[in-house]
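Report on one structure; see the data block that follows.
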Amino acid sequence: FLSIVTLGIYSAWAKVRDTQYLYGHTQVDGQGFRFLATPMQILKGRIVAVIVFIIYAVLGQINPIFNLVMALGLLIAMPWLIIQGIKFTMRMTAYRNVRFSFEGTYGGVIVHFLLLPLLGVITLYLAMPWVMQQIQQYMNNNTTYGGKHFEQKSSASQYYIAILISLG
């Protein structure tokens, strides 16, 4: 309700409160995780996104070529934006006062967040469980905690079984 009344401004505070609650109640070895971001950090990022969208809309009305140029620019910037978003989330997450980090690459994000989902759609979503497994494995294998990499060992069959159980 507050997000609607404040035209989305409160949503940054809601995001922080929800994430802090979830992380605080997720425990490993009796220790909870911490979300360290402030609502203002999130609000600033959202304001930048809204400004870019407004510029896109206004310039698109002036000249449709701007739409094409900005869409191409967004396509090129998308992997970088995804990396920065994941890095921010990891940097703002701590366990036992040690922060997480993300070391994904531009090329890896293109493959895992743009091309593989496209493959999932082209196969009429039959490959989507495998795609999801690949994305999660990429994210987990490129996440570090105290300088040490995580390693996810899972198979796509586990994801297909979960989907079939959900459909059942």
Side-chain angles (χ1 to χ4, degrees), residues 1-53 74 76-120 127-167:
F1 175 75
L2 288 173
S3 292
I4 294 169
V5 171
T6 62
L7 302 176
I9 293 172
Y10 179 76
S11 67
W13 277 260
K15 164 78 173 162
V16 169
R17 288 181 61 107
D18 287 349
T19 307
Q20 286 175 340
Y21 178 83
L22 177 66
Y23 282 17
H25 288 83
T26 303
Q27 295 188 354
V28 175
D29 253 356
Q31 298 287 318
F33 288 81
R34 291 183 30 226
F35 187 63
L36 307 170
T38 64
M40 287 306 292
Q41 290 172 307
I42 293 172
L43 184 60
K44 287 176 187 175
R46 291 180 180 179
I47 288 171
V48 169
V50 168
I51 290 170
V52 168
F53 177 75
L74 181 62
I76 292 169
M78 184 75 68
W80 181 83
L81 292 169
I82 291 170
I83 289 170
Q84 295 311 308
I86 297 170
K87 279 185 177 184
F88 176 81
T89 301
M90 291 297 114
R91 212 174 29 250
M92 295 298 134
T93 302
Y95 175 71
R96 293 185 174 178
N97 292 326
V98 178
R99 293 181 187 223
F100 291 81
S101 181
F102 181 73
E103 299 178 351
T105 63
Y106 190 88
V109 169
I110 288 174
V111 169
H112 291 89
F113 288 89
L114 300 176
L115 297 179
L116 288 181
L118 185 62
L119 175 67
M128 201 53 83
W130 176 77
V131 169
M132 294 306 300
Q133 183 259 345
Q134 291 295 306
I135 290 170
Q136 288 179 347
Q137 186 170 325
Y138 175 77
M139 285 185 59
N140 292 332
N141 289 348
N142 286 287
T143 298
T144 65
Y145 173 74
K148 303 289 184 188
H149 280 269
F150 287 100
E151 184 178 352
Q152 176 180 330
K153 294 181 181 178
S154 65
S155 68
S157 63
Q158 294 168 313
Y159 286 72
Y160 279 99
I161 290 169
I163 292 294
L164 291 174
I165 290 172
S166 297
L167 290 175

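No hydrogens, no waters, no symmetry mates; every other heavy atom, side chains included, goes into these values. Because the structure is a prediction, the values reported are computed rather than measured.
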Has the side chain of [X] got a donor or acceptor atom that lies under 3.5 Å from a matching backbone atom of [Y]?
X: Arg99; Y: Arg91; result: yes
X: Tyr145; Y: Tyr95; result: yes
X: Gln31; Y: Val28; result: no

How far does [atom1] of [X] sit from [atom2] of [Y], to the nearest 0.5 angstrom?
X: Arg46; Y: Ile9; atom1: CZ; atom2: CD1; result: 11.5 Å
X: Met92; Y: Met90; atom1: CE; atom2: CE; result: 11.5 Å
X: Lys87; Y: Gln84; atom1: NZ; atom2: CD; result: 5.5 Å
X: Leu116; Y: Trp130; atom1: CG; atom2: CH2; result: 5.0 Å
X: Asn140; Y: Lys153; atom1: CG; atom2: NZ; result: 13.5 Å
X: Phe150; Y: Asn141; atom1: CZ; atom2: CG; result: 10.5 Å

(message) Go through it in stages, so that I can follow the logic: the residues are Leu74 and Leu81, the test is side chain to side chain contact (heavy atoms under 4.5 Å, CB included), and I'd like the CA-CA distance, side-chain angles, deciding distance and then a yes or no.
(response) CA-CA 9 Å; Leu74 181 62; Leu81 292 169; 4.1 Å; yes
(request) Verify side chain to side chain contact (heavy atoms under 4.5 Å, CB included) between Ile161 and Gln158, making sure each step is shown before the conclusion. (result) CA-CA 5 Å; Ile161 290 169; Gln158 294 168 313; 5.8 Å; no
Ignoring hydrogens, what is the shortest heavy-atom contact between [X] and [Y]? Give both atom names and the distance.
X: Gln41; Y: Leu36; result: OE1-O, 4.4 Å
X: Val16; Y: Ile42; result: CG2-CD1, 3.6 Å
X: Ser155; Y: Tyr159; result: O-CD1, 3.5 Å
X: Ile110; Y: Pro79; result: CG1-CG, 3.4 Å
X: Gly120; Y: Ala127; result: CA-CB, 4.4 Å
X: Gln134; Y: His112; result: O-CD2, 3.5 Å

(request) Report yes if the side chains of Trp80 and Val109 come closer than 4.5 Å at any heavy-atom pair, otherwise no. (result) no
(message) For a 4.5 angstrom cut-off between non-hydrogen side-chain atoms, does Met40 reach Trp13?
(response) yes
For atom [atom1] of [X], decide whether the heavy atoms of other residues, nucleotides or ligands shown that lie under 6.0 angstrom number more than 12.
X: Leu118; atom1: CG; value: yes
X: Tyr21; atom1: OH; value: no
X: Arg17; atom1: CZ; value: no

(request) Compute whether any side-chain donor of one residue and acceptor of the other, for His149 and Glu103, lie under 3.5 angstrom apart. (result) yes
(message) As a quick check of understanding, evaluate side chain to side chain contact (heavy atoms under 4.5 Å, CB included) for Phe113 and Ile86, giving each step before the final call.
(response) CA-CA 12 Å; Phe113 288 89; Ile86 297 170; 4.0 Å; yes
(message) Restricting to ring pair (Phe, Tyr, Trp, His ring centres under 6.0 Å), what partner residues turn up for Tyr106, sequence neighbours left out?
(response) none
(request) Begin from the C-alpha positions of Asp29 and Arg96 and carry the test side chain to side chain contact (heavy atoms under 4.5 Å, CB included) through to its verdict. (result) CA-CA 10 Å; Asp29 253 356; Arg96 293 185 174 178; 3.3 Å; yes
(request) Have a look at Arg34 and tell me which of Thr93, Asn97, Thr19 forms a side-chain hydrogen bond (donor to acceptor under 3.5 Å, both in side chains) with it. (result) Asn97
